[in-house]
Amino acid sequence: MTMLNAAQIRQPLSGTPGAQLDLLEVFAEIGSTNSYLLDSPAPLPGRFRVALAEHQTAGRGRMDRKWQSPPSSGLCLSMSYTFHEVPKYLPSVTLAIGVGVAEALGQMGIRGIGLKWPNDLVVRDGKLGGILTEIRSSQGKAVTVVIGVGINVDLGRTGATEVIRPRIGYASDIASCIKEVPSRSVLSAALIEKMFNTLAQFEAGGFGPYFEAWERFDWLRGQRVSVEQPDGQASGVCQGIDVDGALILRTETGTERIVSGSVSLHGQQGDIL
Ligand code: BTN
């Protein structure tokens, strides 16, 4: 697979994303691109930084899980962005980015992408990728978020599919949904532009537009699930999301709003699918 190329990734970024980008770095190997940006200087409000890696040795997922992907098999991309002030419903930014990433991939011909609340990208009933949002720091009213996106681009040719499949249930990749897989640099540029625009729009207009768009991608709607929450377990049928991004679950005793948790399809083990 062709290596990531910083100049090729940066070159198509024009307009506001090009002007607001402070720094874009590509690492051959790093612990975690999210951790790296969490330790780096925060961009000024409205500006952003990007870190990408061919390989992460300590990639992280949501809820203290690991994100492991064979070298150069996918995208390990993190963006730090500073909001002028803490946006309303900040946790829903993960859902907004999910919508943005799904739309960007759809525009590149990768069809059939679903979003599994709150942070998984699904295709062909397998996990295509995930999103990890972390709050970096607060200075005055401003707040910096680091948003990491991991996407499987081509697992088959790495020969390492078996290493990760048993760990996460079933993994899918872009190569299994499209004949001509765009280069990872092209994919990165498209995702960076979309992620920046999503953050800027989220800052200006809130979660509303993404709340409506979520329905188009909602992979859980109508599914019977179990949810592991910090304070216990809930089971029921998914009814979509609320205006603040909470998952709505119809249980035997009524309707519950889930703000944080790990969702597994009823009768299956593990939280992924
Ligand atoms: C998840 O599925 O729980 C989220 C996975 C997020 C993985 C990405 S890869 C780039 C960035 N760096 C990390 O350490 N994690 C995120």
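Only a predicted model underlies this, so the values are computations on that prediction, with no experimental measurement involved. For the numbers below, each heavy atom of this structure counts, side chains included, while hydrogens, waters and symmetry mates do not. Positions are given from 1, in the same order as the sequence printed here. First listed ligand is number 1; within each ligand, the first listed atom is number 1.
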| field | Residue part near ligand 1, for Val149, under 4.0 Å between non-hydrogen atoms | value | backbone
| Are Gln20 and Tyr81 close enough, and set up right, to give a side-chain hydrogen bond (donor to acceptor under 3.5 Å, both in side chains), and what steps lead you there? | CA-CA 10 Å; Gln20 298 303 99; Tyr81 177 87; over 6 Å; no
| note | A student checking ligand 1 against Asn119 at a 4.0 Å heavy-atom cut-off should list atoms 1 (C), 2 (O), 3 (O), 4 (C)
| Looking at side-chain heavy atoms only, is the closest gap between Asp244 and Ser92 below 4.5 Å? | no
| task | State plainly whether the residues Arg184 and Glu54 are in salt-bridge range, i.e. N to O under 4.0 Å. | result | yes
| task | Just jot down the ligand 1 atoms closer than 4.0 angstrom to any heavy atom of Leu77, in number order. | result | 10 (C)
| said: Does the plane of the ring in Tyr210 sit parallel, tilted or perpendicular to the ring in Phe202? Use 30° and 60° as the thresholds. | reply: tilted
| Is any NZ, NE, NH1 or NH2 atom of the basic residue among Asp120 and Arg62 found under 4.0 Å from an Asp or Glu carboxylate oxygen of the other? | no
| said: Any salt bridge linking Arg60 with Glu134? Criterion: basic side-chain nitrogen under 4.0 Å from a carboxylate oxygen. | reply: yes
| said: Checking the side chain of Arg136 only, and the main-chain atoms of Leu38 only, is there a donor and an acceptor separated by less than 3.5 Å? | reply: yes
| said: Out of all atoms in ligand 1, which are within 4.0 Å of some heavy atom of Thr33? Include the element for each. | reply: 10 (C), 11 (C), 12 (N)
| field | Element-labelled atoms of ligand 1 that are located less than 4.0 Å from some non-hydrogen atom of Ile131 | value | 4 (C)
| Which residue from Glu134, Arg60, Arg65 reaches closest to atom 14 (O) of ligand 1 through any of its heavy atoms? | Arg60
| task | Please could you name the atoms of ligand 1 that Gly61 approaches to less than 4.0 Å, counting only its heavy atoms? | result | 1 (C), 3 (O), 4 (C), 5 (C)
| message | Measuring from non-hydrogen atoms of Gln56 to any atom of ligand 1, is the shortest distance under 4.0 Å? | response | yes
| Gly59: numbered ligand 1 atoms lying under 4.0 Å from its heavy atoms | 14 (O)
| With a 4.0 Å cut-off on heavy atoms, is Lys127 touching ligand 1? | yes
| Ring centres of Phe196 and Phe48 under 6.0 Å apart? | yes
| task | Within a distance under 4.0 Å of any heavy atom of Ser78, pick out the atoms of ligand 1 and give their elements. | result | 10 (C), 11 (C), 12 (N)
